[in-house]
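Report on one structure; see the data block that follows.
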Amino acid sequence: MAKKNSEEKEMSFLDHLEDLRWHLIRITVAILICATVAFIFSDFIFEDIIFAPKRMSFPTYQWLCDISTMVGIEDTTFCAAEFPFKIQNPSVSGQFSAAIWTSIFAGFILAFPYIIYQFWKFISPGLHASERKHSRGFILASSFLFFLGVLFGYYVVTPLTINFLGNFIVSTEVSNEFDLSSFISTVRSSSIAAGFIFELPIVVFFLTKIGLVTPKIMRKYRKFALVLVLILAAIITPPDVTSQVIVAIPILILYQVSIYISKVVVKNQNKKQKANV
């Protein structure tokens, strides 16, 4: 056992690069396998997932329409019969390229738990034995937050964006005919970006571990964080105050959760230091 630990400590920089290379290869293979499965079910992905927010029967529109009716707002785009735009494909290989790239990104989402597992396997040799015990919790928490963020991006950010931009016109002389790749990019970027944003508690956990972040610092710059959150919400949502507030609320909640996580990490580190003394 001691010999094995000695060998791990003596790994050179090139050995670490070789180890990283194999982890990246495994991640790539996993994404390609999941992408192949996604390509096989591309009809379902496009009809029931990608193009679902284009239909007014989408659950988010129904929910917002009911709320608008309850508060007495009847003239709202959430209760319209259909969107006043069409999706077109302007290039010969457009639909095939869309199917390939959509499958790859779907493969990335499906393979995310395995990607996190490989990431953990790479950094775990540099952690203490007590920290490696929590690997399962780390993988589950990271995956849960990512998928929760993807769902939030898909069911909240995406429909708000499509509803606003799809109904926005500068003149009745201009008709909206969105490019296929542009529409898919909107759905994809909104969902995946939200997935990464929801990883904030995990990022704060590691930054606190290495001493770059503390609860005191996060509380001190809470006002600046609020401004950044509002700017971020303005970037990933249309220029509509209601949409920005809806997106900003969960991000602010994540920030507060991150402060608590940072506090727990610092508290545990202080306990270990006192025990060693």
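Please read these numbers as outputs of a predicted model, since none were measured by experiment.
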Would you say that [X] contacts [Y] through its side chain, given a criterion of any heavy-atom pair below 4.5 Å between the two side chains?
| X | Y | result |
| --- | --- | --- |
| Ser103 | Thr36 | no |
| Phe147 | Ile109 | yes |
| Ser190 | Tyr154 | no |
| Ser175 | Glu177 | yes |
| Lys216 | Lys263 | no |
| Ile261 | Thr208 | no |
| Tyr117 | Trp120 | no |

Please report the C-alpha distance between Phe146 and Phe196 in whole Å, then the side-chain angles of each, then the deciding distance to 0.1 Å, and finally whether the ring-ring contact (aromatic ring centres under 6.0 Å, His included) criterion is met.
CA-CA 6 Å; Phe146 179 75; Phe196 283 122; 5.7 Å; yes
Is there a donor-acceptor pair closer than 3.5 Å between any side-chain N or O of [X] and the backbone N or O of [Y]?
| X | Y | result |
| --- | --- | --- |
| Ser171 | Val174 | no |
| Asn163 | Pro159 | no |
| Gln62 | Met56 | yes |

Please state whether the rings of Phe122 and His23 are parallel, tilted or perpendicular, taking 30° and 60° as the class boundaries.
perpendicular
According to the interplanar angle, ranging from 0 to 90°, do the rings of Tyr155 and Phe58 count as parallel (below 30°), tilted (30 to 60°) or perpendicular (above 60°)?
parallel
Does the separation of the ring centres of Phe138 and Phe206 fall below 6.0 angstrom?
yes
Determine whether the aromatic ring centres of Tyr221 and Phe224 lie less than 6.0 Å apart.
yes
Separation between [atom1] of [X] and [atom2] of [Y], rounded to the nearest 0.5 Å:
| X | Y | atom1 | atom2 | result |
| --- | --- | --- | --- | --- |
| Ser189 | Ile192 | OG | CD1 | 8.0 Å |
| Lys121 | Tyr114 | NZ | OH | 9.5 Å |
| Ile104 | Cys34 | CD1 | SG | 12.5 Å |
| Ile45 | Ile184 | CD1 | CD1 | 11.0 Å |
| Ser262 | Lys209 | OG | NZ | 11.0 Å |
| Arg188 | Thr186 | CZ | OG1 | 9.0 Å |

Looking at Phe178, I'd like to know if the NZ or CZ of Lys54 sits under 6.0 Å from its six-membered ring centre while staying within 45 degrees of the ring's axis.
no
Flag if over 12 foreign heavy atoms under 6.0 Å of CD, Gln95:
no
Counting only heavy atoms not in Phe83, do more than 12 sit closer than 6.0 Å to its CZ atom?
yes
Indicate, with yes or no, if [Y] and [X] share a hydrophobic cluster defined by side-chain heavy-atom contacts under 4.5 Å among Ile, Leu, Val, Met, Phe, Trp and Tyr.
| X | Y | value |
| --- | --- | --- |
| Val37 | Phe39 | no |
| Phe105 | Leu24 | yes |
| Val156 | Phe183 | yes |
| Trp63 | Ile162 | yes |
| Phe144 | Leu200 | yes |

Give the minimum heavy-atom separation between [X] and [Y], together with the two atoms involved.
| X | Y | value |
| --- | --- | --- |
| Leu180 | Ile87 | CA-CG2, 3.8 Å |
| Ser68 | Phe78 | OG-CD1, 4.3 Å |
| Asn167 | Pro84 | OD1-CD, 3.4 Å |
| Pro250 | Phe152 | CG-CZ, 3.3 Å |
| Ser142 | Ile116 | CB-CG2, 4.0 Å |
| Phe205 | Val265 | CD1-CG2, 3.4 Å |

Side chain to side chain contact (heavy atoms under 4.5 Å, CB included) assessment of Ile115 paired with Ile31
CA-CA 9 Å; Ile115 294 172; Ile31 293 175; 3.9 Å; yes
Would you please test Val213 and Met218 for side chain to side chain contact (heavy atoms under 4.5 Å, CB included) and show each step?
CA-CA 7 Å; Val213 170; Met218 295 188 71; 3.6 Å; yes
Is a side-chain donor-acceptor pair under 3.5 Å present for Gln256 with Tyr260?
no
Output, in order, the C-alpha distance, side-chain angles, deciding distance and verdict of side chain to side chain contact (heavy atoms under 4.5 Å, CB included) for Thr76 and Cys79.
CA-CA 6 Å; Thr76 172; Cys79 298; 3.6 Å; yes
Assess whether side chain to side chain contact (heavy atoms under 4.5 Å, CB included) is satisfied between Val170 and Phe168, documenting all intermediate values.
CA-CA 7 Å; Val170 293; Phe168 183 83; 3.9 Å; yes
